[in-house]
Amino acid sequence: MRQSMLFAPTLRETPAEAEIVSHKLMLRAGMIRKSAAGIYTYLPLAQRVLNKISRIVREEMDRENGQELALPIVQPAEIWKESGRWDVYGDEMFRLKDRHNREFCLGPTHEEIITTIVKNEVRSYRDLPLRLYQIQNKYRDEIRPRFGLMRGREFIMKDLYSFDVDEAGLEESYQAMYRAYNRIFSRCGLKFRPVEADSGAIGGNSSQEFMVLAEAGEALILYCDSCSYAANVEKAVSVVSQAATGQEMKAMAKVATPDQKTIEEVCSFLQIAPEQTVKTLFYGTDSGYVAVLVRGSDQVNEIKLGNIVGGNKLYLASPEEVQEVFGLPVGYVGPIGLDPAKVRILADNLVEGMHQVVVGANEAGFHYQYVEPQRDFPKVEYADLRTARAGEQCPHCKGRLSEARGIEVGQIFKLGTKYSKALGANFLDEKGQIMPIIMGCYGIGISRTMAAAIEQNYDENGIKWPMAIAPFHVHLVPVSADQLPVAEELYRELTAEGVEVLLDDRNERPGVKFKDADLIGIPVRITVGPKGLAQGEVEVRFRQTGEEVRWSVGEVARKAKEFVQAALEASEAQADLMSRK
RNA sequence: CGGGGCGUAGCGCAGCUUGGUAGCGCACCUGCCUUGGGAGCAGGGGGUCGCAUGUUCAAAUCAUGUCGCCCCGACCA
């Protein structure tokens, strides 16, 4: 490709709207332009990267017996109503009506439609298993699209759905995708980590997310220093050793705590640690209010809570609401005196082992001291409700948990029979029994992966593409028009070797070309200039390392090809390593 | 949904407080010159000041409304 023909309008200055590195650099490098909030045009450079990522994804899906198909983006409301998600999905779904006033949506995901297809065509266990996938735009009307391609309203996703006859088959499909995902992100040259993820009310403990480690990540990960445990904080559990203080039982006592409403205030007023208090929060749910007790030092994990209470609605009740519904003053609410018949009371597991704790007295200006949970409020349901934190002990070994930020680029998920039952996707087994198909779903954010790759590979001058997903392998830069004939000859030789070359044949000053080259971030830059040519050489700079070498003009094509191949093989080798684990 | 900020040329911004009919840098076009890290000189093109309504002799500027965009937050008692 000749750069004079390339549509890649680079910018010297960063548009004000961009906040994070990948967004800024993609705008500046002429890769993307915004059409509306969370909706972008992919310009040719971005499209080339997306194509490369997609190609890797296709190869790895096909390797695991995936079959590519293309499902409709515009989907009829009926199938969503049948699965029950037309209402559940809420405002996040783009909805539309046709001229006959029939309802449709733009697919935010494709379980409904693919299950419908499979239901109509699959009759027998002989037709299974099936692994079907597509790479296509998804539409989600996010409350707050942000960070460029990181959280868009239109984005590219690979989604594969597996259909098996039993749990063992599902496990096989799930493991196949786990392997494939490890290979894909390795081949893309990314530093990533599979972590345990929340799988919602259904599916149990069988979902993992693939996180690209980067500061800009929206997800918080906890991982063990000494074993392989790693989990999204939404899901993470930890072992906490309780302080051994106050083992003796004392009588509960009311204590005046005027104007001490927050845990912090109460603790400093009573000279105790937050770990010795229990706070009581009220949440509104589909099935009424629940009271949630956790240590004063802990945060309620609303994902865990949501999984226990079920339903769609979950919110922390406002102080006004608590006052109105329960007649209790926020700041002094406690479990003692709450009637389990009237409000469901959930407590975090840690609360059960606490002694001599301080809780609100349900009376403005007062708390109780020396409360013994098992003695003084025995009628509560215990569950894991707290948010685990870095520094706590790994649930699997003696190691410590550390935290890191990650960008979720993929998630694999055992669905079970949720959709097959709702939509009636059954098959006849060997015994002639009607059975629901066992499903799994597996997504990769293709456009987000591109952004994540930049978040992990950049410097102050621009992008540093990993070879496997770079828009081109080699950027050939003649310093001036005098070197253009030599550059053209090298361009022909390199192209003949299968190397993807961008030749900067523009009539620009060298500085402009170098700045653009750094910005666009092609892995190998070959400068053809008078200095080098005087000795029959070109200057080669590797974007990733900054290392510079010289190659003689005659060996450029061979050496470049070798370098490109070595880089690609290295990521393949990494993929082999990762998928074997 | 709540809070904050912004909308003036393709991009980055000034002008607004104190109303008088729009400016700077980059980019773009022409010419000269120049060519190893975003050159220089000269000339030039481009803007319904997001939109609407109002106040006024007069509105980018003041008021009201509206649309769009960005950021933060969404309650831990």
Side-chain angles (χ1 to χ4, degrees), chain A residues 9-20 23-24 27-28 30 33-39 90-91 143-148 151 153 257 259-267 274 277-284 291-302 305 314-323 326 328-335 348 358-367 385-387 460-462 477-484 504 506-520 525-534 538-539 541 548:
Chain A
T10 56
L11 301 173
R12 295 195 180 195
E13 285 171 290
T14 306
E17 73 199 33
E19 193 70 16
I20 62 166
H23 191 195
K24 288 178 180 173
L27 286 168
R28 285 195 55 210
R33 288 294 183 265
K34 185 175 68 184
S35 296
I39 298 177
D91 294 335
I143 312 172
R144 184 143 91 85
R146 62 186 128 177
F147 303 149
R151 185 166 293 280
R153 295 194 293 170
T257 49
D259 295 324
Q260 313 295 314
K261 293 186 179 177
T262 66
I263 291 292
E264 208 173 87
E265 288 165 359
V266 171
C267 287
T277 69
V278 168
K279 62 190 175 190
T280 305
L281 310 173
F282 286 96
Y283 279 87
V292 178
L293 312 182
V294 295
R295 295 195 308 173
S297 52
D298 284 337
Q299 299 269 300
V300 172
N301 183 322
E302 294 185 359
L305 176 61
L314 182 70
Y315 68 95
L316 188 64
S318 70
E320 296 73 31
E321 213 173 340
V322 173
Q323 183 68 53
F326 296 97
L328 297 176
V330 166
Y332 302 99
V333 179
D348 181 63
V358 169
V359 300
N362 290 328
E363 183 180 339
F366 292 93
H367 281 77
L385 291 168
R386 68 188 289 276
T387 303
E460 65 281 6
N461 295 314
V477 182
V479 166
S480 75
D482 292 344
Q483 292 81 40
L484 194 55
D504 195 345
R506 298 174 302 167
N507 183 25
E508 291 285 358
R509 297 169 57 82
V512 174
K513 295 183 185 179
F514 293 144
K515 287 288 185 192
D516 275 347
D518 286 347
L519 184 57
I520 292 169
R525 187 184 84 195
I526 300 179
T527 305
V528 186
K531 289 180 197 163
L533 284 185
V538 296
E539 295 130 77
R541 167 137 44 169
E548 276 194 63

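This is a predicted model, so every value here is computed, not measured. Chain letters run A, B, ... following the sequence lines, proteins first, then strands; residues in each count from 1.
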*Roughly how far, to the nearest 0.5 Å, is the NE2 atom of A/H23 from the CZ atom of A/R146?*
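Nearest 0.5 Å value for the CZ-NE2 distance: 13.5 Å.
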*How far does NZ of A/K513 sit from CG of A/N507, to the nearest 0.5 angstrom?*
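Result: 7.5 Å between the selected atoms.
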Is [X] touching bases, backbone alone, or none of the nucleic acid, heavy atoms closer than 4.0 Å?
{"X": "A/R28", "result": "base"}
{"X": "A/E302", "result": "base"}
{"X": "A/L328", "result": "nothing"}
{"X": "A/T14", "result": "sugar-phosphate"}
{"X": "A/D482", "result": "nothing"}

Taking all atoms of both residues into account, what is the closest heavy-atom pair of [X] and [Y], and its distance?
{"X": "A/K261", "Y": "A/V330", "answer": "CD-O, 4.3 Å"}
{"X": "A/A36", "Y": "A/K34", "answer": "O-CG, 3.1 Å"}
{"X": "A/L27", "Y": "A/L11", "answer": "O-CD1, 3.8 Å"}

Taking the same atom, [atom1], in [N] and in [M], what whole-Å distance lies between them?
{"N": "B/G68", "M": "B/A59", "atom1": "P", "answer": "27 Å"}
{"N": "B/G2", "M": "B/G65", "atom1": "P", "answer": "14 Å"}
{"N": "B/G25", "M": "B/G15", "atom1": "C1'", "answer": "15 Å"}
{"N": "B/G50", "M": "B/C69", "atom1": "P", "answer": "16 Å"}
{"N": "B/C76", "M": "B/U66", "atom1": "C1'", "answer": "38 Å"}
{"N": "B/C51", "M": "B/C29", "atom1": "P", "answer": "28 Å"}
{"N": "B/A63", "M": "B/U56", "atom1": "P", "answer": "16 Å"}
{"N": "B/U17", "M": "B/A60", "atom1": "P", "answer": "12 Å"}

*Please answer whether the main-chain N or O of A/A37 pairs with a side-chain N or O of A/R153 as donor and acceptor at a distance below 3.5 Å.*
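Yes, A/R153 side chain to A/A37 backbone: donor-acceptor pair under 3.5 Å.
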*Distance-only, no hydrogens or angles: does the A/T387 side chain make a donor-acceptor pair with backbone N or O of A/Q299 under 3.5 Å?*
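It does hold such a pair.
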Is [N] paired to anything, Watson-Crick or G-U wobble with both distances less than 3.5 Å, and if yes, which nucleotide?
{"N": "B/C13", "answer": "B/G23"}
{"N": "B/G31", "answer": "B/C41"}
{"N": "B/G7", "answer": "B/C67"}
{"N": "B/C62", "answer": "B/G54"}
{"N": "B/G73", "answer": "B/C1"}

Find out whether [X] and [Y] are in side-chain contact, i.e. whether some heavy atom of one side chain is under 4.5 Å from a heavy atom of the other.
{"X": "A/R541", "Y": "A/F514", "result": "no"}
{"X": "A/E363", "Y": "A/Y332", "result": "no"}
{"X": "A/V477", "Y": "A/I526", "result": "no"}
{"X": "A/D516", "Y": "A/R506", "result": "yes"}

_Nearest-nucleotide comparison on RNA chain B, the residue closer to the 5′ end among A/P15 and A/V322_ =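 It is A/P15, whose closest nucleotide lies nearer the 5' terminus.
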Roughly how many Å is it from [atom1] in [X] to [atom2] in [N], rounded to a whole number?
{"X": "A/D348", "N": "B/C76", "atom1": "CG", "atom2": "P", "answer": "18 Å"}
{"X": "A/K279", "N": "B/C75", "atom1": "NZ", "atom2": "P", "answer": "12 Å"}
{"X": "A/Y283", "N": "B/C75", "atom1": "OH", "atom2": "P", "answer": "7 Å"}
{"X": "A/Y315", "N": "B/C76", "atom1": "OH", "atom2": "P", "answer": "15 Å"}

_Return a single string for nucleotides 24-36 of chain B, one symbol per nucleotide in 5' to 3' order, where B is base contact, S is sugar-phosphate-only contact and - is none, cutoff 4.0 angstrom on heavy atoms._
-BSS------BBB
*Going 5' to 3' through nucleotides 67-73 of chain B, assign each nucleotide B (protein heavy atom under 4.0 Å from a base atom), S (under 4.0 Å only from sugar-phosphate atoms) or - (no protein heavy atom that close).*
--SSBB-
*Can A/D298 and A/K279 be counted as an ion pair, charged N to O under 4.0 angstrom?*
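Salt bridge absent between A/D298 and A/K279.
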Can you name the atoms? Protein N/O to nucleotides 7-10 of chain B N/O, anything below 3.5 Å, with the distance.
none

*asked:* Testing A/V538, A/D504, A/V479 one by one against A/T527 for a side-chain contact (heavy atoms from CB on, under 4.5 Å), which residue passes?
replied: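 That would be A/V479.
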*From the options B/G38, B/G37, B/C76, select the nucleotide whose nearest atom is closest to the side chain of A/L281.*
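Among B/G38, B/G37, B/C76, the one nearest the side chain of A/L281 is B/C76.
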